[in-house]
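Working notes, structure below.
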Amino acid sequence: MEEPKIRYYLEPKRGEGLAKGSKYIIMAEVNYRNVIIKSNGSKSYKPFRISIKKSIKPEQFGRRDENYKFDELIFSKSQKNDSTIRRVMMKLEDAVFELYKEYDKKGLMPIPADFKNAVEVSLDRKSDLERPQPTILEYIYKSIAEDNEKLKIEVEGARKANTIKTYNTVAKHVENYELATGEKLLFETFNEQIYWRFFEVLDDILKGKIEVHNPNQPKKKRKQDYGFLKSSLRKIQVSFLKVFKQALKKEGIRSGFQPDQDGLLVSRKGSSKSLYITENELKQIISSDCSHSPSLQIAKEYIIIGCLTGARNESMMELYNEPIHHNKDDGYNFSYVRSRHNKTQTEVFIPLLKPVQDIVNSHNCQFPKFYSNAKTNANLKSLFKFLEIERPVVETLDTYRSGKLTKEIPMHKLVSTHDAKKTFTTILAGYQLPESIISSITHPDKPSQNKMFQVYDNRNMLDKAKQFVDEINKIDSEVYKFQNTLVL
């Protein structure tokens with residue numbers, strides 16, 4: 001956000017020019033380089049205009065041969081014996097620059113309507129008017145701030161960090177829409193037509209048809225020539241409608257738009273890829289030497305652990321904090337780890353197969369600490385390219401407005417953290433392990449909410465872990481097997 005520049009001018013009556021001897025309202029145009037990207041990709045800068053609520057004769061404001069453009073010398077001379085207008089101008093300028101400093105300190109870029117509204121409130125011009133409802137963006141950020149505070153002090157039932165992160169993403173999308181269109185989303189005027197236009201504009205931004213420069217999002221924005229996938233867009237829609245519903249039901253905000261109505265979500269059918277890692281590819285990964293590169297080494301360890309535990313990415317990130325347990329009851333001899341699935345509020349004891357145990361032993365009997373999902377995905381692609389695992393994978397993209405696209409892509413360009421769980425399920429199903437045994441690891445039952453049953457839940461999870469060990473010991477696999485000794 002640049003420091004505002006204020007230009008004063010006279011506003012004539014519609015269809016008329018400025019006439020000497022008549023009085024006209026003095027207007028202020030405040031330009032702070034708020035960028036608007038038009039549909040053709042061209043830029044324009046949208047200021048806001050505000051009246052100082054004082055009038056003056058043109059000849060006291062500027063020179064006739066310059067169409068009465070503001071002239072400081074002429075204006076000062078005319079106001080020599082009456083500084084009323086000057087004081088009003090100074091008060092306006094003070095309000096504008098105080099707000100600018102506040103916005104700049106917070107790293108915000110207000111849209112013109114919001115900046116103007118804030119100036120009018122600062123000048124006490126809205127004291128006799130009904131205070132407007134918050135904009136949709138203001139409400140979302142207010143909710144996020146309140147949710148973060150509740151999470152901080154551990155209020156029971158508070159939104160989880162991942163949900164707050166999703167709402168932050170929605171807020172960024174609203175910001176980008178408002179920057180692209182110059183329109184702010186209001187509860188009072190929001191309707192189904194604006195709802196779908198909102199997502200069309202977001203789709204055009206992602207395609208690169210509309211360029212947005214958002215100071216609150218300094219990183220270079222990703223572009224995708226086919227726009228949003230339906231599955232991705234639906235997640236944004238669900239979150240947006242949840243926030244809207246909360247505003248109406250819990251805060252009493254008024255709107256003619258009904259977030260509960262039918263027909264507001266794109267279809268559930270998403271994109272798909274026929275990708276899982278074969279056992280031979282896993283053997284190649286396990287036997288590879290990536291010690292020369294920390295990023296490749298951690299990617300190697302991630303994909304081995306993921307494919308041999310069936311753990312979700314969120315659970316993988318938390319294994320670092322979990323101790324390793326060992327079971328020697330009833331003739332069994334295996335190590336296991338407790339894995340908590342926050343998404344489903346479930347837990348499971350996962351027995352550690354030999355390749356996983358080897359990794360844990362190399363880290364002092366502890367799981368390695370993994371990077372963020374985005375960084376891990378990038379490292380996985382680099383790992384598969386380094387190992388030349390490049391067999392073609394068919395990917396079908398179900399897009400929002402570009403139809404279905406099917407293409408063959410080298411495996412190293414598509415592999416991601418999500419493929420580990422599918423690999424675990426596919427390979428073990430190929431060995432004809434019962435579905436119930438595989439699901440007991442990937443989709444465990446929810447534990448009882450009664451603390452009296454906690455011991456029972458632990459016994460039940462251990463029994464299922466033993467059943468998994470029994471089934472693994474029946475198959476002949478060079479990868480999916482246990483070791484009999486444990487290094488502590």
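Sequence positions, counted from 1, serve as the residue numbers for this chain.
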Can you tell me how the ring of [X] sits relative to the ring of [Y], calling it parallel under 30°, perpendicular over 60° and tilted otherwise?
X      : Y      : value
Tyr336 : Phe334 : tilted
Phe424 : Phe468 : parallel
Phe386 : His292 : tilted
Phe198 : Tyr177 : perpendicular

Given 3.5 Å as the limit, does a donor-acceptor pair link the side chain of [X] with the main chain of [Y], or not?
X      : Y      : answer
Asp289 : Ser291 : yes
Thr426 : Thr423 : no
Arg338 : Glu347 : no
Asn361 : Asp358 : no
Gln133 : Arg254 : yes
Asn191 : Gln193 : yes
Tyr195 : Leu264 : yes
Ser293 : Cys290 : no

Roughly how far, to the nearest 0.5 Å, is [atom2] of [Y] from [atom1] of [X]?
X      : Y      : atom1 : atom2 : result
His173 : Gln237 : NE2   : CD    : 11.0 Å
Leu383 : Thr376 : CG    : OG1   : 11.5 Å
Ile253 : Leu186 : CD1   : CG    : 11.5 Å
Phe349 : Asn460 : CZ    : CG    : 10.0 Å
Lys369 : Leu319 : NZ    : CG    : 13.0 Å
Arg391 : Leu275 : CZ    : CG    : 6.0 Å

If only side-chain N and O atoms count, and only distance matters, is there a donor-acceptor pair under 3.5 Å linking Glu471 with Gln467?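 Per modelled atom types, Gln467 and Glu471 side chains form no pair under 3.5 Å.
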Between the side chains of Tyr141 and Glu175, does any donor sit under 3.5 Å from an acceptor?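 Present: a donor and an acceptor within the cut-off.
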With the threshold set at 4.0 Å, does a side-chain nitrogen-carboxylate oxygen contact exist between [X] and [Y]?
X      : Y      : result
Glu478 : Lys283 : yes
Glu98  : Lys101 : yes
Lys223 : Glu211 : yes

Any chance the rings of [X] and [Y] have centres within less than 6.0 Å?
X      : Y      : result
Phe244 : Tyr139 : no
Tyr103 : Tyr32  : no
Phe257 : Phe240 : no
Phe228 : Phe199 : no
Tyr431 : Tyr480 : no

Got Gln246 and Ser143 here, is their nearest side-chain heavy-atom distance under 4.5 Å?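 Yes; the side chains approach each other to less than 4.5 Å.
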Checking side chain to side chain contact (heavy atoms under 4.5 Å, CB included) between Leu428 and each of Ile472, Ile437, Ile441, which is the one that passes?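 Filter result, single survivor: Ile472.
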What are the two closest heavy atoms between Gly227 and Asp203, and how far apart are they?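 Closest approach of Gly227 to Asp203, heavy atoms only: CA-OD1, 3.3 Å.
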